[in-house]
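Scroll down for the structure; my scribbles are underneath it.
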Amino acid sequence: MTATTLIEEGMTRSAAAVLAGYFLLAVSIASKFWLIRYFSPQILPAPGEDVFPHPGWLLALLGSDVALMIAAGYVTARVARRAPIAHAVVLGAVMVVLGLTWMLAFRGWLPLWYQVVLVSLAIPAAATGGSLRGG
């Protein structure tokens, strides 16, 4: 194997690691919201409604989202093999960028404090997941 081949394989594995973590996160969060909408539609307002969920529900949603971010960081680190925490931090940065985009697209759907806390915890949560893998 040449050095170029090793570098390409490493970059491919790194990209796959971040994508695997993000895929887990996206599918898990989408599934969670679908289940909530299906079984308890009164918990979350429809987009555009002026009513926010009860603060207790928001804290539960926040806790579950952080747990899912930690799991995504762990999966990313597991797939990456090398530099697990660094890969998890990259995933966290991707989550921040996409989270800020989500905040702009769906502003007003959830309270601003919830969105700010969620985005600000993305990198630490993903790094925590990466550290659970070791590194």
Side-chain angles (χ1 to χ4, degrees):
M1 259 189 200
T2 66
T4 304
T5 305
L6 289 173
I7 291 170
E8 287 173 357
E9 286 180 10
M11 291 176 66
T12 300
R13 184 163 203 89
S14 293
V18 174
L19 286 173
Y22 189 76
F23 181 76
L24 169 78
L25 181 69
V27 168
S28 299
I29 289 178
S31 298
K32 176 185 74 172
F33 278 102
W34 182 85
L35 289 169
I36 290 171
R37 285 255 179 248
Y38 186 78
F39 290 108
S40 298
Q42 73 281 3
I43 292 174
L44 294 174
E49 273 189 87
D50 238 4
V51 180
F52 292 131
H54 185 273
W57 281 114
L58 286 172
L59 290 174
L61 291 172
L62 188 63
S64 68
D65 286 344
V66 170
L68 291 172
M69 289 190 287
I70 291 170
Y74 177 84
V75 167
T76 296
R78 184 103 178 147
V79 172
R81 289 190 192 153
R82 295 181 56 209
I85 297 173
H87 283 86
V89 168
V90 169
L91 172 67
V94 168
M95 289 190 289
V96 167
V97 170
L98 294 174
L100 291 171
T101 303
W102 185 82
M103 282 175 63
L104 291 173
F106 296 102
R107 66 179 157 253
W109 187 53
L110 290 169
L112 182 60
W113 69 264
Y114 175 90
Q115 296 172 349
V116 169
V117 169
L118 190 61
V119 169
S120 66
L121 291 176
I123 293 174
T128 299
S131 69
L132 293 174
R133 168 64 175 100

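Everything numeric here is computed off the predicted structure, so don't read it as measured data.
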[X]-[Y] co-clustered via ILVMFWY side chain contacts under 4.5 Å:
X      : Y      : value
Val90  : Phe23  : no
Val119 : Leu112 : yes
Val79  : Leu19  : no

Could you check if a side-chain atom of [X] sits within less than 4.5 angstrom of a side-chain atom of [Y], using non-hydrogen atoms only?
X      : Y     : result
Lys32  : Leu35 : no
Val89  : Ile85 : yes
Tyr114 : Leu61 : yes

Identify the two heavy atoms, one from [X] and one from [Y], that lie closest to each other, and give their separation to 0.1 Å.
X      : Y      : answer
Val96  : Ala122 : CG2-CB, 3.9 Å
Met95  : Met69  : SD-CG, 3.7 Å
Leu58  : Pro111 : CD1-CG, 3.6 Å
Ser14  : His87  : OG-NE2, 2.6 Å
Gly130 : Ala88  : CA-CB, 3.7 Å
Gly73  : Leu91  : N-CD2, 3.8 Å

Report the distance from atom CG of Leu62 to atom CH2 of Trp57, rounding to the nearest 0.5 Å. 14.5 Å

So how far is it from Leu24 CG to Leu68 CG, rounded to the nearest 0.5 Å? 7.0 Å

CH2/Trp102: more than 12 non-hydrogen atoms of other groups inside 6.0 Å: yes

What do you reckon, is CZ of Phe33 surrounded by more than 12 foreign heavy atoms closer than 6.0 Å? yes

Just to verify, which of Val117, Leu25, Leu121, Ile29 counts as forming a side-chain contact (heavy atoms from CB on, under 4.5 Å) with Asp65? Ile29

Using a 3.5 Å distance criterion without hydrogens, assess whether the side chain of Ser40 forms a donor-acceptor pair with backbone atoms of Ile36. no

